[in-house]
Amino acid sequence: GAVVSQHPSWVICKSGTSVKIECRSLDFQATTMFWYRQFPKQSLMLMATSNEGSKATYEQGVEKDKFLINHASLTLSTLTVTSAHPEDSSFYICSARGGLAGDFYEQYFGPGTRLTVT
Amino acid sequence: RKEVEQDPGPFNVPEGATVAFNCTYSNSASQSFFWYRQDCRKEPKLLMSVYSSGNEDGRFTAQLNRASQYISLLIRDSKLSDSATYLCVVRILTGGGNKLTFGTGTQLKVEL
């Protein structure tokens with residue numbers, strides 16, 4: 001299957017700082033990228049969907065000014081957690097898919113980034 | 001009510017056992033159905049898609065009942081390496097696109 005990378009794999013930061021997470025599709029063009037968050041013993045929750053060159057669509061309850069998403073190219077999307085707080089500590093996973101918004105192409109998941117805010 | 005519901009487990013079974021997981025979904029706009037496997041602190045990985053006619057992949061058999069909005073996964077001859085969390089996932093049509101919705105997962109522990 002296709003490969004999606006995430007960087008960093010884990011990060012520890014102080015409360016109030018911002019953290020940027022990168023998601024790259026290595027061998028295909030990702031027209032759509034998804035960002036998920038997973039708290040311990042909970043399911044993956046979709047935070048936002050981004051289409052290359054467009055503004056991200058955020059799920060209900062996700063603050064777009066706190067979680068900044070940029071999808072400037074077909075192989076790179078970034079998630080910036082601004083002014084991070086301990087409650088933002090979580091496992092953040094990106095997923096990438098080719099095709100158009102309504103297509104049923106398979107989604108490929110990155111290995112995830114574990115964020116700990118102290 | 002959660003869109004995708006699963007029994008969280010854990011299911012502790014001996015090696016060689018047959019184990020079944022169930023899942024129900026509530027959104028009638030659900031179009032496609034999958035089982036993913038997630039190991040501790042790792043990303044989910046697609047195990048198999050689920051079709052109405054039922055489908056099998058080696059020791060794994062998946063079934064879908066659209067009328068009951070029910071999905072199942074059967075694992076035969078469990079191996080130690082099958083220990084993981086199994087996520088029931090549905091693809092739901094949204095305005096202008098589609099998205100995956102995940103269940104909370106069922107934890108399986110296969111023991112000697």
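Computed from a predicted model, the values in this text were never measured in an experiment. So you know, we letter chains A, B, ... as the sequences are listed, proteins then strands, and number each from 1.
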Contact origin within B/L100 toward chain A - heavy atom pairs under 4.5 Å:
both

Contact class of B/Q38 relative to chain A, heavy atoms under 4.5 angstrom:
side chain

Checking A/R114 against A/F91: charged group under 6.0 Å from the ring centre and within 45 degrees of the axis?
yes

Could you tell me which portion of A/Q6 (side chain, backbone, both or neither) has an atom closer than 4.5 angstrom to a non-hydrogen atom of chain B?
neither

Evaluate the side chain to side chain donor-acceptor pair (under 3.5 Å) criterion for residues A/S77 and A/W35: first the C-alpha distance (whole Å), next the side-chain angles of each, then the deciding distance (0.1 Å), finally the verdict.
CA-CA 9 Å; A/S77 176; A/W35 286 95; 3.1 Å; yes

If the threshold is 4.0 Å, N to carboxylate O, is there a salt bridge linking A/R24 and A/E22?
yes

If one checks every heavy atom of B/Y36 against chain A at 4.5 Å, the contacting part turns out to be side chain

In terms of heavy-atom proximity below 4.5 Å to chain B, should A/L44 be classed as side chain, backbone, both, or neither?
both

On the 0 to 90° scale, with breaks at 30° and 60°, tag the A/Y36-B/F102 ring pair as parallel, tilted or perpendicular.
perpendicular

B/Y86 vs B/F21 aromatic rings, parallel, tilted or perpendicular, using cut-offs 30° and 60°?
tilted

